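The figures that follow rest on heavy atoms only: side chains count, while hydrogens, waters and symmetry mates do not. Being a predicted model, the structure only gives us computed values, none of them experimental. In what follows, residues are counted from 1 in the order of the sequence shown.
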Amino acid sequence: MDLKAAREERILTLNELDEFRLDAYENARIYKEKTKRWHDKHIWKKDFEVGQKVLLFNSRLRLFPEKLKSRWLGPFTVSRVHPYGAVEVSHEEKGTFIVNGQRLKPYVVGMMSCKSIPIRLDIPT
């Protein structure tokens, strides 16, 4: 009698562990679906056209990064748009190469003025 009760208790415990494991798999699946939905919702669809000016994100690892230096290079000119997000860009000095479209952003001409403005730093007395 004692051995039979222990056997039944052990079977119940194993069944309970199986339920916990299945619940964990289900929760992980739900979490992955929610994360994928959030990620897909926040991806910007970038459509580039031939002749458009773009900036290229420089993602190279640098040992001594300069804090105030921009990581965007360019402007480059789009010479061809490949399917699935690949874009061929060209530059007069750097040549022509294919990059992932996620590393590009449109270049807006005339947004910033390059004029220097003198600023007085002395304190009037």
Any heavy-atom pair between the side chains of [Y] and [X] that's under 4.5 Å?
X      : Y      : value
Lys46  : Phe48  : yes
His91  : Thr77  : no
Ile98  : Val87  : no
Pro106 : Gln52  : yes
Val54  : Val89  : yes
Ile43  : Gln102 : yes

Check the surroundings of atom [atom1] in [X]: do more than 12 heavy atoms from other residues, nucleotides or ligands lie under 6.0 Å from it?
X     : atom1 : value
Glu26 : CD    : yes
His42 : NE2   : yes
Arg21 : CZ    : yes

Would you find a donor on one side and an acceptor on the other, under 3.5 Å apart, between the side chain of Arg103 and the backbone of Leu56? no
Going only through I, L, V, M, F, W and Y residues with side-chain contacts under 4.5 Å, is there a path from Phe57 to Val99?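 Shared cluster, no.
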Between Asp40 and Arg37, does any side-chain N to carboxylate O distance fall below 4.0 Å? no
Does a salt bridge link Lys36 with Glu33, judged by any charged N lying under 4.0 Å from a carboxylate O?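 Not counted as a salt bridge, because no side-chain N and carboxylate O are separated by less than 4.0 Å.
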Atom pair [atom1]/[atom2] of [X] and [Y] - distance to nearest 0.5 Å:
X     : Y     : atom1 : atom2 : result
Lys32 : Ile30 : NZ    : CD1   : 12.5 Å
Leu17 : Leu12 : CG    : CG    : 11.0 Å
Asp18 : Thr13 : CG    : OG1   : 11.0 Å
Glu8  : Leu3  : CD    : CG    : 10.5 Å
Arg10 : Asn15 : CZ    : CG    : 11.0 Å

Testing the basics here: between Thr96 and Ser90, what is the closest heavy-atom pair and its distance to 0.1 Å?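 Looking at all heavy atoms of both residues, the shortest contact is OG1-CB, 3.4 Å.
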For the residue pair Phe76 and Phe97, is the inter-centroid distance of their aromatic rings smaller than 6.0 Å? yes
